[in-house]
Visitor: 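Structure provided below as structure tokens; questions to follow.
By convention in this document, chain letters (A, B, ...) are assigned in the order of the sequence lines, proteins followed by strands, and residues within each chain are numbered from 1.
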Amino acid sequence: MDDDYVEAVLALVEDVPAGRVTTYGALARAVGTGGPRQVGRVMALHGDAVPWWRVVHADGRPATCHGGTAVDRLREEGVPLMARGRVDVRATEVS
DNA sequence: CGGATGACGACAC
DNA sequence: GGTGTCGCCATCC
């Protein structure tokens with residue numbers, strides 16, 4: 001595994017301010033290499049060190065792992081949640 | 001080396 | 001709008 005790649009992804013996630021979110025695809029594009037799935041793997045392995053709940057799917061669904069803890073954290077940070085705890089990605093995603 | 005799997009994404013129905 | 005299918009890339013079996 002590329003620790004370099006991991007560091008790049010984690011850095012980008014840490015750079016996401018509270019109240020804002022980003023998507024796996026966006027991260028993958030930002031890093032340049034690999035794909036959304038690689039980003040997902042990185043989060044699964046080393047995501048415990050970063051605000052992983054600010055990383056959502058392209059359709060606005062929060063990471064469904066951890067038993068839905070993400071929604072609570074997002075709401076607490078002031079992220080505007082839509083019906084069923086979905087995020088308006090187009091409005092909330094980091095530019 | 002071939003096939004299955006996954007914190008994904010886009011498209012068709 | 002929910003569900004199914006296919007494509008993607010790295011890992012695991």
Visitor: Quick one, A:Thr69 and A:Arg73 - any side-chain contact, counting heavy atoms below 4.5 Å?
Guide: yes

Visitor: How many whole angstroms separate atom CZ of A:Arg37 from atom P of B:dA7?
Guide: 8 Å

Visitor: Whole-Å distance between B:dC11 C1' and A:Asp59 CG?
Guide: 13 Å

Visitor: When you measure from the side chain of A:Asp59 to the backbone N and O of A:Arg61, does any donor-acceptor pair fall under 3.5 Å?
Guide: yes

Visitor: Which nucleotide in the set B:dG6, B:dC8, C:dG2 lies at the smallest distance from any side-chain heavy atom of A:Arg41?
Guide: B:dG6

Visitor: Output yes when at least one side-chain N/O atom of A:His57 is less than 4.0 Å from OP1 or OP2 of B:dA7, else no.
Guide: no

Visitor: Could you tell me whether A:Arg20 and A:Glu77 make a salt bridge, using a distance below 4.0 angstrom between a side-chain N and a carboxylate O?
Guide: no

Visitor: Would you kindly give the CG-to-C1' distance between A:Leu27 and B:dA7, to the nearest whole Å?
Guide: 12 Å

Visitor: Report yes if a side-chain nitrogen or oxygen of A:Arg86 is closer than 4.0 Å to either non-bridging phosphate oxygen (OP1 or OP2) of C:dG1; otherwise report no.
Guide: no

Visitor: In whole angstrom, give the distance that lies between atom CE of A:Met43 and atom P of B:dG9.
Guide: 12 Å

Visitor: From CH2 of A:Trp53 over to P of B:dA7, roughly how many Å is that when rounded to an integer?
Guide: 19 Å

Visitor: Between atom CZ in A:Arg29 and atom P in B:dC8, what is the gap in whole Å?
Guide: 16 Å

Visitor: Identify which one of A:Thr23, A:Leu12, A:Val13, A:Leu27 satisfies the side chain to side chain contact (heavy atoms under 4.5 Å, CB included) criterion when paired with A:Val39.
Guide: A:Leu27

Visitor: Assign A:Arg84 to base, sugar-phosphate, or nothing according to its heavy-atom contacts below 4.0 angstrom with the strands shown.
Guide: sugar-phosphate

Visitor: In whole angstroms, how far is the P atom of C:dC9 from the CG atom of A:Leu45?
Guide: 19 Å

Visitor: Grab the CD-P distance between A:Glu93 and B:dG9 for me, whole Å please.
Guide: 10 Å

Visitor: At 4.0 Å (heavy atoms only), tell me whether A:Ala63 reaches a base, stays on the sugar-phosphate, or touches nothing.
Guide: base

